[in-house]
Every structure is written in structure tokens, then in C-alpha cells.
Amino acid sequence: CSWVFLPLDPHRADSQSAVLEEYTDLSVPRCSLTLTLTLILFCSCPALGKKKLYIGALFPMSGGWPGGQACLPSAQMALDLVNKRTDILPDYELELIHYDSMCDPGEATKLLYDLLYTEPIKIVLMPGCSSVSTLVAEAARMWNLIVLSYGSSSPALSNRQRFPTFFRTHPSATLHNPTRVQLFQKWKWTKIATIQQTTEVFTSTLDDLEERVREAGIEISVRQSFLTDPAVAVKNLKRQDARIIVGLFYETEARKVFCEVYKEKLYGKKYVWFLIGWYADNWFKIKDASINCTVEQMTEAVEGHVTTEIVMLNPETVRGASKLTSQEFLAQLMSKLGGKNPEETGGFQEAPLAYDAVWALALALNKTVGPLKAKGHRLEDFNYNNRDITVEIYRAMNTSSFEGVSGHVVFDAQGSRMAWTLIEQLQGGSYKKIGYYDSTKGNLSWYGNDKWIGSGPPADQTVVIEEFRYLSQKLFVSVSVFAGLGILLGIVCLTFNIYNRNVRYIQNSQPYLNNMTAVGCMMALAAVFPLGIDGLHVHRRQFPVVCQFRLWLLGLGFSIAYGSMFTKIWWVHAVFTKKDEKKDKRKHLEPWKLYATVGVLLCIDILSLIIWQILDPLHITVEKFTREAPKGDLDVLIQPLLEHCSSEKMTTWLGVVYGYKGLLLLLGIFLAYETKSISTEKINDHRAVGMAIYNVAVLCMITAPVTMILSSQQDASFAFASLAIVFSVYITLVVLFVPKMRRLITRGEWQSDAQETMKTGSSTNNNDEEKSRQLERENKELQKIIQEVSQALSLVTRLSFHSCFPLKLQQC
């Protein structure tokens, strides 16, 4: 046909006309005939038109995601417009060769083989589902093919080392995550939970989310997954108090999840669910044989949840590369679909992405024409071994930037589409737009029309209010009054003992030891006050000082009071339970030895307390109890706390102190029992001391273990310990001092009587105990005399019998 374009040579007009006349009517003028024939031959010769470039596409018309039902018509619409444009690939025509992959990698493998090994050569591959795109993109590098997907969201496809020639107009599923993190921060949530279906796309999405929330200082406290049955996973969310829950699963599994959510009551004003936005708008109303929940129950369970959805249709009225607005595109697509219900047409939401994918490819190919021509290549020269052309197409795709019906089309370094995210909330059974998020600029456009079942966004966890348990003030005041009265009684007893210290009867009771007892009792009673002081009265920084007061007052008070009584009873036992020949040697024990004994016991306590406080000082510790739910429908829990005085090795120190004191108490009881029948004027009140020791020992041995058991019950522990101190002190003071007061009052033995005693060294009054001992000595002497007389009489009787017996025998 090339001869048609040869110009008519004026010098050869006759010969050329002769040739034309063979095919034309001679009656037609020569010039008109030549032009007509030229046009006919030009129009009838395809080699003189556009050269075809073939695109191998896989559109899933059925299967798990039948996106090809709307995406294929959309792609064909784009091809028609591209082929009609004279400013885009004017010398080329794009043609689509497509198959139904059924969203099945196995079926896609067979179809990919047909596309690659069946003429004509395809310059680009366009798969759909993520699983199919993974297969195609991984194999395409071997044939130097660019892969452009319109419906793949798997984050795994963003791996440039594994998929070096892959691009997609469908954003990665991880694009939801920046939006989610932004919402978490907006609503001041720092703890979330997740539940996912066990598939690669959701696992990789969740891994990306985990990394992003960690960078934002947000914790994923619960992470659950399931394969087919979400019942156990939902129960675990409930059990672990999950409140803000991100759900990653397909639509059919979403119905299973929310049926279990309804059963577990994991919805309402305390909970917020974040779901994927590409479900059908009525997904929760679709009857599903795999669940046993009604539509009403499902509607109740899903109310208020938030969805994040990639903006797949430009919300603005702008004309992009195709010269169509998004609404004009939708109108044409609906016309091409023949009036089908969009909700029943698979891939209707993704149709703008397929449309823009064709435009992205066409613009990229158009951009490569010039660079390829400069290198001596043409697009039609492409084959599976020509890497140079692939590199130019890759470069053009990587720098793509245009306005499409789905929004601004641009690819990141991993070949994934950058896009806006639409945020919606289910309000009253229908989805309402509440905002947009531009992840490229970090800009959140918020409408402010979000609604919540409660007064506002719920807390990300149950609000735990820490509440310290304090001692009952009524109990503290009551015991303090008794302790104060006991201290007054101790002062009275001490004053009485000091004032009458020169009275013979008081002198014989070792008054200095009794003074120690009174002082020790008052110190023990003073310990009641710091025992009842807690965080209600002092700041936590001052609490260790209170702990020290408790320990030292009670420890030293016990040592002084009990030590003085123990010294008395020990001296009585040591003197009056020995043999007679040793009594007189130890009967006149010097008083300083008694005081030294008390000093030794006191020094042992002081030394042990100093070592304790140096090696392991007391500090404040806080005990936590089981959380309690307050009355009323409040989303809070009360965390009871109780302050204790403790140290790192508190049990060891208490064991040493209790062991040492316990031995002293047991020994005191033994000595009191051994000396109960002894009477002596040197310590005339040792029986009263023994009675006091009995009471103190019994109360201490009961109180010590009981207070350890009741340490978590502040009122019971304080009441038991403080009342034991009060009672033991009252009993000790009353038993030791009241009889002395009574005797001096009834017999009139006052200080004036004692002056003469100090001068003469003897008392004017006969002492019953001295008379008793004198009578005892006289009685023993008389017993010896009687025994000697009896022995003498017995000897005389025997001698008389032997001398008389022979005489009588002679008389006989």
C-alpha cells in the first residue's frame, strides 16, 4: 500500500494515469479519482493506523472478592477514553486481554502461564486480589514486566526486594493505621486491644499497627486472633477488660465476631470498635446461616463503631486527567453496569481505582515515548528480554502524579498509592462521615458530628481510682483516750512511788525498779498514738518517722517495764530456791546488780534496734487489695490501698525480736510459778509482779501472731494491738501500785514514819514476815533438840533392859 502515498510525477503522468485508469471509471476526472483512491486505501490499511499495546489483566468475577464485576467495566471505560485521546499515546492503541482469576492463586497460576506464553506480548500485567497479586508480582520480575494492581491491599506487597516492579492504585491496608493512631491520640487513648482473622494481610497490617502505636506511646494490651471461630477470642477480650478494640477480618467473619460480641455484651457506652470500611453498608443486616443472632441483635451490637476507609472516590468536584469529575464517572459507570444495584456489584467501591490504574499506565507509557526514541527504542519493540524498556516504564510509573476520579494519584517508594482516609461512624444504623485524614500531610479534617452512647468517648480502660484505707477515727480517738488516762495513771503511780520512797514498806518493794516499770508502761502507752497515725494525718514523706516512733517507743517501753519486773522475779528465784547454806550468801544482793540486769536487757534491745535501722531501715510500703466496684452504673473501679511500715527483710527481723521476747516471757512465767509460795521482805511485792508477768505474757503471745494475721485490716489490727497494750499496762499498774496505796492509806505509814526508820535502821512496827521467819528458825532448832532427846531415851531404855534380865533369871 505504500505506493499510494507516492506523489504524482508530472513527467510520468501518462504512465501513472494509465495504471489508475485500470481501476477507475474513465468518465471521472483524473484528479478526483486519484484523491478518492488514496483515501480509500489509507483507511483500509491497518498498518497505517495505531500500533497496539496489550495489557494482560486478571479480574476476579467470582470467588472471595468478585471485584471484577465493577472494575472490569471501569477499566474498559478508561481504555476507550485513552484510545480516543490524541494527546496521549497518539500512535498507539491499548487493548485489554483479561481472564477471571476467581481470586484464587491456583487458578491465577494457570492464567498467568497463558498470558505469558500466548501471543501477543503483554507490556503490563494488571492483577486484582492480594493473593493473586502476590503470585503475579513475584513472578513478573523474571519476564521484566511491570505489574499494576487496582485491588490489592496486602502490606506484604510493599516489599520492594520481593516485588521490585509492583505498583498499585489501591493503597496498602497499612494506610488505615496512621488514621487509627491519629484518632487514638485525638480521643486520648493509650491502651488498645486487637482481634484479627489469621491471614497474611491482617497479620502484616497488625504488625505495622503495633510498630506505629509503640512509637506514639500507645500500648496494645490484648492481642487475639482466630481462624474460623472467634468465640474464644471475644471472651478473652471481655475477660481482659478490652475497651478500644481494632478488628481486622473479612465481612463474613465480621458477622461471626459481632454475634459473639452481642453474647458477651462487649458493646455499648464502654466500648469502641474500629473496623475496616470496605464492608457493604448493610453487612450486619445480611442473613447469615453461620450465626444465630437476629438482625436486631446485630444492629444493637455494631452501633457506634468507627470505620476507616481509603478514599476511593474523589470528594471534590475537579476534572483530572480523564476530564471527568468523580460524579460524572459514577454516572457513566452506572450506565455501563446497566442499572445494577451497586451494593450487589462486587468491586463497585474499587472501580475508581481500576479506572485510575489504566490512566496511570497510559500516562506512564506516554511519558516513555520520548526517552525511548532517544535511545533508539519503541514501545512496540518490547519483549520479555528487553530490560531497557521496563526500566523506562518503571521510572515513569514511579514519578506519576495526576488527579484521578479516586483523588490525587501518586506512588510512594514501595509502589503503594498514597491517599486520603475516610472516617465514618455507624449512627442509628447508617454510616455517617465524621472526618478525613491526609496521611501525606498529617492533616485531620474533622466534622465534629461524632456521637457516643455515653456522654463522650469512653475510657480506654476501666478507670481505677486509688483510695487509701485509713484507720477509723472514732476507734483511734477512743483508744487514745484510754491510753491518755493510762499515762495519767502511770504519772500518779510514779509520783506516789517517788514521794513514798523512804517508807519501809515501799523500800522493801525496790521502788527504783517500780519506777522503771511505771516509766516503761507510759512509753508503751505513748506508742499507741503513732500506731494510729497514718496518711490521713501526715504526709507520706513524714511517714517513716512515724514508723520509727512506733518501733522505738514500743520496744523500749516493753524492755524497761517488763525488764524491771523480770529482774525482781529472777532475783527472788535465784535467792530463795537455793540450798539453805547458800541462801545467806546471796540474800544480801546489792541493789545496783538489779539495776544492772535491767540495763543489760535494755542495751540488748537498743543495740538490736540500732542494727535493724542501719542495715534495713523502716520505710513505707503500700498494699494493694482486690479492686471493688462502686455502687451505681459507673465505669470505675476502686483500688483500695493500705500503708504499712515495713523493711526489706521485715519477717526476719520480727522473727528475731519475737523469738527473743518470747523466751523472756516464757522464762518470766516459769520464774513466777516457781516463786509463788515464797515470802520475803526484801521484795515484798514479788507475787504481784508474778501476776503482772502472767497477764503481760498471755496478752503478748496472743497479740503478736494475731496482729500479723490481721495486718491487712487496719481497724482490727490497731484495735487488737492497742487494746492489748492498754490492758496489760492497766493491769500492771493496778496490780503493782494500788495495793501499796491502799496499805499506806489504811495503816497510815507515810513519809513521817519513814524518817525514824532511816535513823534507827529498824521499823517501829513489827513485820509479819520477819516474825514468820524467826518462828521458822526457832521451830527448826526445837525439832533438832527433840530429835536428840528421843535418841538418848532410846539408848537408855536398851541399856536398862540388858542389865536387868540376868537378875530376874536367877530369882526364877
For K238, does the NZ atom sit with more than 12 other heavy atoms under 6.0 Å from it, leaving out its own atoms? yes
Salt bridge E215-R212, side-chain N to carboxylate O under 4.0 Å: no
Can you measure from CG (L736) to CG (N497) and round to the nearest 0.5 angstrom? 9.5 Å
Side chains of H537 and Q542, donor plus acceptor under 3.5 Å: no
Is the shortest side-chain heavy-atom distance between P458 and W452 below 4.5 Å? yes
Are any non-hydrogen side-chain atoms of K740 and N500 less than 4.5 angstrom apart? no
Are any of the side-chain heavy atoms of W571 and Q510 separated by less than 4.5 Å? no
Exactly one of E467, E628, R627, K624 clears side chain to side chain donor-acceptor pair (under 3.5 Å) with Q639, and that residue is R627
Y730 (side chain) donor-acceptor with F482 (main chain) under 3.5 angstrom: yes
OG1 (T675) and CZ (R687) are apart, to the nearest 0.5 Å, by 8.5 Å
Anything under 30° is parallel, anything over 60° is perpendicular, the rest tilted; go ahead and classify F274 against F184. perpendicular
What I want to check is whether the side chains of T567 and T597 have a donor and an acceptor closer together than 3.5 Å. no
Is the side chain of Y562 donor-acceptor paired with the backbone N or O of K661 at a distance under 3.5 Å, no angle test? no
Is there a side-chain contact between W189 and V272 in this structure, where contact means two heavy atoms from C-beta onward sitting under 4.5 Å apart? yes
Heavy-atom check, side chain of E210 versus side chain of T194, under 4.5 Å: no
Hey, does L531 have a side-chain heavy atom less than 4.5 Å from the side chain of F549? no
Main-chain N/O of I192 paired to S221 side chain as donor or acceptor, under 3.5 Å: yes
So, R550 side chain and P530 main chain: donor-acceptor pair closer than 3.5 Å or not? yes
Between R742 and P739, is there a donor-acceptor pair closer than 3.5 Å when you use the side chain of the first and the backbone of the second? no
Strictly distance-based, threshold 3.5 Å: is any side-chain N or O of D616 a donor or acceptor partner for the main-chain N or O of S647? no
Less than 6.0 angstrom separating the ring centers of Y262 and Y267, yes or no? yes
Derivation of the side-chain contact (heavy atoms from CB on, under 4.5 Å) call for F718 and Q714: CA-CA 6 Å; F718 172 77; Q714 70 279 8; over 6 Å; no
Can any side-chain N or O of T198 pair as donor or acceptor with the backbone N or O of F226 at less than 3.5 Å? yes
So I702 and F720, do their side chains get closer than 4.5 Å, heavy atoms only? yes
Minimum-distance pair of heavy atoms, taken over all atoms of A721 and T707: CB-CG2, 3.8 Å
Please check if any side-chain donor atom of T190 sits under 3.5 Å from a side-chain acceptor atom of D460, or the reverse. yes
Nearest 0.5 Å, please: how far is CD1 in I533 from CZ in F476? 5.5 Å
Answer yes or no: is there a donor N or O on one side and an acceptor on the other, between the side chain of Q425 and the main chain of K451, under 3.5 Å? yes
Using 0.5 Å steps for rounding, measure from the CG atom of L488 to the CE atom of M522. 10.0 Å
Under 3.5 Å: donor-acceptor pair, side chain of T703, backbone of C700: no
Evaluate the side-chain proximity of I423 to L444: yes if any heavy-atom separation is below 4.5 Å, no if none is. yes
Candidate pair N514 and K568, rule side chain to side chain donor-acceptor pair (under 3.5 Å), full reasoning: CA-CA 10 Å; N514 288 339; K568 280 187 180 183; 2.3 Å; yes
Please lay out, stage by stage, how T517 and S564 fare under the test side chain to side chain donor-acceptor pair (under 3.5 Å). CA-CA 6 Å; T517 302; S564 58; 2.4 Å; yes
Side-chain donor or acceptor of S711 paired with backbone N/O of M708 under 3.5 Å: yes
Check the pair V257 / W273 against side-chain contact (heavy atoms from CB on, under 4.5 Å), numbers first and verdict last. CA-CA 11 Å; V257 168; W273 282 83; 4.2 Å; yes
